[in-house]
Amino acid sequence: RSCLRNAIELQRGKMVVEVVPAPATPLYQPLLHIDAETIALHLTRLDYVMFQGILLRDLLAAENTKRVAFIGRSTLITYWVAHDVVSEPDLTLRARVFRKFIEIA
């Protein structure tokens, strides 16, 4: 599944984190060619949509699917970054991917 589909499913209250083998063509290659600000903007928009649906009482509730989905999205982003950085065997490209995620952050 793509990160976008996972993000959409998290918005619906489902936590979907799948470990899949790295494809022959790395997923992050387009990432290196997209402006970091554009990626950050889209990630922020997705987070905003999820965050605006969380009320104060949702944060205080012991079991709340909205809060769990938001935490799950954070976990998904963390996994995405770690996976794309460490799955690159070439150190030069690994450094470029790492630098790109720093720019996005």
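Computed from a predicted structure; not experimentally measured.
- For Thr38, the side chain to side chain contact (heavy atoms under 4.5 Å, CB included) test picks out Ile34, Asp35, His42, with sequence neighbours left out.
- Annotation for Glu103 and Ala36: closest pair CB-CB, 3.7 Å, computed over non-hydrogen atoms.
- Between Arg73 and Leu46 there is a side-chain heavy-atom pair separated by less than 4.5 Å.
- A pairwise comparison of heavy atoms in Ser87 and Pro89 identifies O-CD, 3.2 Å as the closest pair.
- Linking ILVMFWY residues whenever their side-chain heavy atoms come closer than 4.5 Å, directly or via other members, leaves Leu91 and Val86 in distinct clusters.
- Enclosure of atom CD in Gln52 by more than 12 non-hydrogen atoms of other residues, nucleotides or ligands within 6.0 angstrom is indicated.
- If you chain together hydrophobic residues whose side chains sit under 4.5 Å apart, Tyr48 and Met50 never meet in one group.
- Counting all heavy atoms, side chain and backbone alike, Trp80 lies closest to Leu31 at CZ2-CD1, 4.0 Å.
- Linking ILVMFWY side-chain heavy atoms closer than 4.5 Å, directly or via other members, places Leu32 and Ile39 in a single hydrophobic cluster.
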